[in-house]
Q: 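Quick one: the structure is below, questions incoming.
If you read the sequence from its start, that first residue is 1, and numbering goes on from there.
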Amino acid sequence: MSLNLLADTRVHGGQLQRFKHYSAACNSNMVGAIFLPSSINNKAAPVLYWLSGLTCSDENFSQKAGAFALAEELGLVLVMPDTSPRNLGLPKEDDSYDLGSGAGFYVNATQQPWAENYHMFDYINEELPAFISSHFAVTEQRSISGHSMGGHGALISALKQPGVYASVSAMAPISSPSLCPWGTKAFTAYLGTDKATWAAWDANQLIQANQAQGIAPQELFICQGDADPFYQEQLRPEVFAATCDGVNYPLLYQCRAGYDHSYYYISSFIGEHLRYHARYLGLIV
């Protein structure tokens, strides 16, 4: 669990540190980044985990989202992991943008050649929090958010582990991956052709399963731009919203007129998401 510090940059009064460490879950080295507000010098702070989307690394959010000034003001730690293992020499690892490198989909792969390394769910939800806690002054409180594929990761992380996260939000998430080309490609490769096994990794189906089991629901905050080119085919927010409505699951859904899928969209509304999590983490009233 040793930390190899790759960069340490002062920003908005806090520190942005980029690190590398060995991951047993992924059986490889993983790279990530953390923003530490200056308040952490006096007391431990809660953490928001941000999961990025297809083709992204840990650097996209840190360079484009514009989140650090408000995170400093709120006293909120931001952790930004990579989206997959990399440079493993696996077949088809770098053949396409939506499978392999940059496209881990935050599942635990069971199919070859991915099964030995692509355990992103365990990495994000077990190993990375333990690593962060061992190296930084953080509290046990944590929330989770993400964009696109990362929004899918945030939703399933919370739905598969009720009570672990104080709050969950997503920007333009792949909310019904079993029903879209991105999801069916990734799930087939990582999980196999039996669609029954996909249900445990599909937020839309997890909503139904949790309600059927009587698991107490946790409010979900999702926002989506209506000019997003992936809205209809890949993201399917109307399907997810209808599922939540059908079982009275608490969903705060906001559609933003004229906004697309890019980091222009993320940077426009990241402040709203940070404040949402800060309330649940007790940083603001």
Q: Assert yes or no for the condition that the ring centre distance of His119 to Tyr123 is strictly below 6.0 Å.
A: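 They do not qualify: ring centres at least 6.0 Å apart.
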
Q: Test side chain to side chain donor-acceptor pair (under 3.5 Å) on Ser169 and Ser145; report intermediate values, then the result.
A: CA-CA 5 Å; Ser169 73; Ser145 186; 2.8 Å; yes

Q: Measure from the side-chain N and O atoms of Ser148 to the backbone N and O of Gly150, and report whether any donor-acceptor pair falls under 3.5 Å.
A: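 Here the side-chain-to-backbone pair does not exist.
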
Q: Output the distance between atom CG (Asp94) and atom CG (Asn87), rounded to the nearest 0.5 Å.
A: 7.0 Å

Q: Considering only heavy atoms from C-beta outward, does the side chain of Phe221 approach that of Val168 to under 4.5 Å?
A: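 Phe221 vs Val168: side chains apart.
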
Q: When rounded to the nearest 0.5 angstrom, what is the spacing between CG in Leu155 and NZ in Lys160?
A: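 With rounding to 0.5 Å, CG (Leu155) is 13.0 Å from NZ (Lys160).
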
Q: Could you tell me which residues satisfy ring pair (Phe, Tyr, Trp, His ring centres under 6.0 Å) with Trp201, sequence neighbours excluded, listed by chain and number?
A: Phe121

Q: Under 6.0 Å between ring centres: does that hold for Phe131 and Phe19?
A: yes

Q: Any side-chain heavy atom of Ser157 sitting closer than 4.5 Å to one from Tyr106?
A: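 Sidechains of Tyr106 and Ser157: no contact.
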
Q: Using atom types as modelled and distance alone, determine if a side-chain donor or acceptor of Ser175 lies under 3.5 Å from a backbone N or O of Leu235.
A: yes

Q: Side chains of Tyr118 and Asn108: any donor to acceptor distance under 3.5 Å?
A: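 The answer is no; no qualifying pair exists.
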
Q: Is there a donor-acceptor contact under 3.5 Å from the side chain of Gln218 to the main chain of Gly163?
A: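 Checking the backbone N and O of Gly163 against the side chain of Gln218, no donor-acceptor pair under 3.5 Å is found.
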
Q: Using only atom types and a distance under 3.5 Å, with no angle test, would you say the side chain of Glu93 pairs donor to acceptor with the backbone of Gly100?
A: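 No.
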
Q: Give, for atom CD1 of Ile144 and atom CG of Asn125, the distance between the pair rounded to the nearest 0.5 Å.
A: 5.5 Å

Q: Assess the side chains of Glu219 and Tyr280: does a donor N or O sit below 3.5 Å from an acceptor N or O?
A: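 Yes.
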
Q: Please test Tyr259 against Phe269 for ring-ring contact (aromatic ring centres under 6.0 Å, His included), starting from the C-alpha separation and ending with a verdict.
A: CA-CA 10 Å; Tyr259 285 90; Phe269 296 102; 4.8 Å; yes

Q: Distance check, rounded to the nearest 0.5 Å: Leu48 atom CG versus Leu281 atom CG?
A: 7.5 Å

Q: Is it true that Asp226 and Arg256 make a salt bridge, defined as a side-chain N closer than 4.0 Å to a carboxylate O?
A: no

Q: Would a distance-only check, ignoring hydrogens and angles, find a side-chain to backbone donor-acceptor pair under 3.5 Å from Gln141 to Pro46?
A: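 The answer is no, because no donor-acceptor pair under 3.5 Å joins these two groups.
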
Q: Ring-plane angle category for His152 and Phe187, please: parallel below 30°, perpendicular beyond 60°, tilted otherwise.
A: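 Ring orientation, 0 to 90° scale: tilted.
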
Q: Under 3.5 Å, is there a donor on one side chain and an acceptor on the other for Tyr190 and Trp198?
A: no

Q: Here's a test for you: under side-chain contact (heavy atoms from CB on, under 4.5 Å), which of Thr83, Ile174, Leu191 qualifies with Phe105?
A: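 With Phe105 as partner, side-chain contact (heavy atoms from CB on, under 4.5 Å) holds for just one option, Ile174.
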
Q: Are the side chain of Arg279 and the backbone of Gly282 linked by a donor-acceptor contact shorter than 3.5 Å?
A: no

Q: Rounded to the nearest 0.5 Å, what's the gap from CZ on Phe68 to OG1 on Thr9? Could you check?
A: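 Rounded to the nearest 0.5 Å, the CZ-OG1 separation comes out at 9.5 Å.
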
Q: Strictly under 6.0 Å, is that where the ring centroids of His261 and His147 end up?
A: yes

Q: Does His12 have any ring pair (Phe, Tyr, Trp, His ring centres under 6.0 Å) partners at least two apart in sequence or in another chain, and if so, which?
A: none

Q: Determine, for Arg18 against Glu59, whether the closest basic-nitrogen to carboxylate-oxygen distance falls under 4.0 angstrom.
A: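 Yes.
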
Q: Using the salt bridge (charged side-chain N to carboxylate O under 4.0 Å, His left out) rule, take Glu140 and Arg142 through it: C-alpha gap first, then chi angles, then the decisive distance, then the call.
A: CA-CA 6 Å; Glu140 294 182 357; Arg142 51 176 156 149; over 6 Å; no

Q: Do the non-hydrogen side-chain atoms of Met80 and Ser52 ever get within less than 4.5 Å of each other?
A: no

Q: Do side-chain atoms of Asp228 reach the backbone of Gly225 as a donor and acceptor pair under 3.5 angstrom?
A: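 No, because the side chain of Asp228 does not come within donor-acceptor range (under 3.5 Å) of the backbone of Gly225.
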
Q: What distance do Leu252 atom CG and Cys244 atom SG have between them, rounded to the nearest 0.5 Å?
A: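 The CG atom of Leu252 sits 11.0 Å away from the SG atom of Cys244.
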
Q: Find out whether Pro81 and Asp58 are in side-chain contact, i.e. whether some heavy atom of one side chain is under 4.5 Å from a heavy atom of the other.
A: no

Q: Are the side chain of Asn60 and the backbone of Ser57 linked by a donor-acceptor contact shorter than 3.5 Å?
A: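 Indeed, once roles are kept as given, a pair shorter than 3.5 Å links the two residues.
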
